[in-house]
Amino acid sequence: MTRLSSYFLPTLKEPPADAEALSHRLLVRAGLVRQLGAGMWTFLPAGWRSHRRIEGIIREELDRAGAQEMLLPVLQPAEIWRRTGRIAIDELFKLDDRKGAEHVLAMTHEEAITWHVAREIRSYRDLPQILYQFQVKERDEPRPRAGILRTREFVMKDSYSFDRDREGLERSYERHIAAYDRIFDRCGLDWHRVAADVGMMGGLGAHEYMAPCPAGENEVALSSAGYAANVEVATATPRSPDGLPEALEAAEAVQTPGQTTIEEVSRGLGVPPGALLKAFPIVTEGRGPVMVVVRGDHRLNEIKLAGALGEAARPAQADEVEALFASVPGFIGPVGASVPVIADEAVRGLRGLVAGANVRDRHLRGVEPGRDFEPEWADVRSVEAGDTCPAGAEIRLEPAIEVGNIFKLGTRYSEPLEATFLDESGTERPVWMGSYGIGLARILAAAVEQGADEQGISWPRAVAPFDVEVVALGKAGEESLEVAERLYEELGAAGVEALLDDRPRSAGEKFADAELLGCPLRLTVGRKGIEAGEVEAQVRRGRERRTLPLDDAAQEAVSLWRELP
RNA sequence: CGGGGCGUGGCGCAGCCUGGUAGCGCACCUGCUUUGGGAGCAGGGGGUCGGCAGUUCGAAUCUGCCCGCCCCGACCA
């Protein structure tokens, strides 16, 4: 019997001063987690119960999808990371053992699992496989933050699929989509599956599962027509700029002394920011200097730019603008540029624009792409609220927590680690891989963020630390504690896990703690209720109370609980 | 890594500017009373003031260096 009088649940009246995010404040206050250091968190018993419930849901759904659970070490030889090149990642913890041999603490397990598969898989008959684990990940985060939202050590469910070919990978990917959809539904989250950046790894496709909430570090672009993408990769049609100046026969120079920003030029010439061209001097590895142009009221999206360029790029330094671009910082523009110009699609077809003249204190007006300069076109701007999605609906932006991701790796790891098999014709081929992650603590934090109210946490039924909290009122020796214990036993027999508050505390204190902890249902047993033959039930979400007949309280409570979200 | 802030009993804070040997609320312990929305009275325990060095007769307080933590940004296979 879990009695609060002897359970390690240290609740706090006030949150720690350094806690900002709602989930951070509430998880600490409710006694579910404690901090050990920056980005290092301990799960206390009740918090770990929630964590394990999430784990259970994930395990059920992955097993249902045919995945096989296993366990890989966190401490690994550096060699395999050297082979894939990931040894160079800054976030990777590296350490030497007493003999001086180099090791790493794994941040994910692609190397290790692929190494094993390379050794054991030989024939097309051995494929496909989906393997997974729940294991700690270690990351030397530059900035841990927001309680358990971004930590240096955390438990991840990571699965890896191994297929004969691209079509097989697609099937494994689809299986994960189906499993993930069910997992996040069962966890009671509000979530979106969004198109995501494939990153510098150059994967074949990726999605992220995003749980919207104010503490989220990511932003997702959504529309009522079902469009859903991380703003890092989102594409949409912009609103046309209002009040474009008239087109001119030819571009003409205007003096803009000291006006180096969009705002200054816009004000100085009396044209809207959308009529300006914002030019970015960029230096790429392979192509050298290029100029990227977006509308003055738009923002350059560096991830989309990297995707369009097909390589990494960095902004040019001030001195490079003069040396490499033959221009002046603050006045650079595409007309007469000495380097290749990449223009954002939103600029295409516009006339009467204003751009830097590549001469100090001078801009050009009446500029027209196609006539005055011939760019390479690309979609490189960040979408904005109010844009139009491909299906024609309005885009809105929301902050969200990334709770899971799925990634088509292709042969990124199988080739360097030589994970190959012989196909039916006896030809050696690399295994096609996918990798799929879920951050358990992030699901927990997202559930808190999305369900909390003024009183505290309000758990979705499936991930609450306990299903029901039974509060026994009155002083020691009174009948209410006995009745509460009986109720507790009956709930347990019906398969509902309860927590019994048997502490010698005031009613107000117990109610406040119960609402802070946020179990979906609270049952209150007091002297008055017993005399009236009643038990009070409070549904945490909404805090609506009702009375149940004492004789049948457990059964009634169980039925009530089953209907909760 | 750049910018900002904080570090004083378990938690939240005051004291620091203007140096004189540490205080408040909550929590905790004992006793009595109280018991359906964070009780009352009485008594009590607990702090090398993040660390080191310096200035001074004397440092929580002034100076320097270091450490830790938080927030914003950069970063985040």
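The figures that follow rest on heavy atoms only: side chains count, while hydrogens, waters and symmetry mates do not. Per chain, numbering begins at 1; letters A, B, ... match sequence-line order.
A cation-pi arrangement is not found for Lys157(A) relative to Phe134(A), the charged atom failing to lie both closer than 6.0 Å to the ring centre and inside a 45° cone about the ring normal.
A distance of about 15 Å separates the P atoms of rC49(B) and rU21(B), rounded to the whole Å. Spacing of P atoms, rG51(B) relative to rC67(B), comes out at 15 Å, to the nearest Å. When the P atom is compared between rC70(B) and rU8(B), the two are found 14 Å apart, to the nearest whole Å. Comparing the same atom, P, in rA22(B) and in rG47(B) gives a spacing of 12 Å after rounding to whole Å. Spacing between rC65(B) and rC57(B) at atom P, rounded to whole Å, works out to 24 Å. Rounded to whole Å, the separation between the C1' atoms of rG19(B) and rU56(B) comes to 9 Å. Comparing rG46(B) with rC29(B), their P atoms sit 16 Å apart, to the nearest whole Å. Rounded to the nearest Å, the gap between the P atom of rC11(B) and that of rG4(B) is 28 Å.
Between His51(A) and Trp48(A), the angle of the ring planes stays under 30°, which puts this pair in the parallel group of the 30/60° scheme.
Closest to the side chain of Arg505(A), from the set rC70(B), rC28(B), rG38(B), is rC28(B). With rC26(B), rC75(B), rC69(B) as the candidates, the nucleotide lying closest to the side chain of Lys13(A) is rC26(B). Minimum atom distance to the side chain of Gln35(A) is reached by rC70(B), of the listed rA77(B), rC75(B), rC70(B). Nearest to the side chain of Gln538(A), among rG37(B), rA77(B), rC26(B), sits rG37(B). With rG36(B), rC75(B), rA77(B) as the choices, the nucleotide that has an atom nearest any side-chain atom of Leu473(A) turns out to be rG36(B). Of the listed nucleotides (rG73(B), rG36(B), rA77(B)), rG73(B) has the atom at the smallest distance from the side chain of Arg145(A). Nearest nucleotide to the Ala38(A) side chain, out of rC70(B), rG36(B), rA77(B): rC70(B).
Put simply, CZ on Arg152(A) is 18 Å from P on rA77(B), counting in whole angstrom units. Distance CD (Glu454(A)) to C1' (rG37(B)): 16 Å, rounded to an integer number of Å. Rounded to a whole Å, the CD atom of Glu509(A) is 7 Å from the P atom of rC28(B). Put simply, CG on Asp90(A) is 11 Å from C1' on rC1(B), counting in whole angstrom units.
You'll find the side chain of Arg152(A) stays beyond 4.5 Å of the side chain of Glu138(A), heavy atoms only.
A salt bridge between Glu485(A) and Arg3(A) is present, with a side-chain N of the basic residue lying under 4.0 Å from a carboxylate O of the acidic one.
For Arg503(A) and rG38(B), a side-chain-to-base donor-acceptor distance below 3.5 Å is absent, hydrogens and geometry of angles not being considered. The base of rG3(B) is not paired with the side chain of Arg143(A) by any donor and acceptor separated by under 3.5 Å.
With Asp513(A) as the fixed residue, the salt bridge (charged side-chain N to carboxylate O under 4.0 Å, His left out) test singles out one of Arg503(A), Arg505(A), Arg522(A): Arg503(A). Of the candidates Glu515(A), Glu536(A), Glu454(A), Arg543(A) forms a salt bridge (charged side-chain N to carboxylate O under 4.0 Å, His left out) with just one, namely Glu515(A).
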Collect all protein-nucleotide pairs involving nucleotides 6-14 of chain B in which both atoms are nitrogen or oxygen and the distance is under 3.5 Å.
from: rG12(B); atom 1: OP1; to: Ala17(A); atom 2: N; distance (Å): 2.8
from: rG12(B); atom 1: O2'; to: Glu14(A); atom 2: OE2; distance (Å): 3.3

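Atom NE2 of His116(A) is surrounded by 12 or fewer heavy atoms from other residues, nucleotides or ligands within 6.0 Å.
Residue contacts for Glu515(A): at a heavy-atom cut-off of 4.0 Å it reaches a base atom on one of the strands shown. When heavy atoms are screened at a 4.0 angstrom cut-off, Ala472(A) is found touching no nucleic acid atom at all.
Between Tyr7(A) and Phe466(A), the gap from one ring centroid to the other is short of 6.0 Å.
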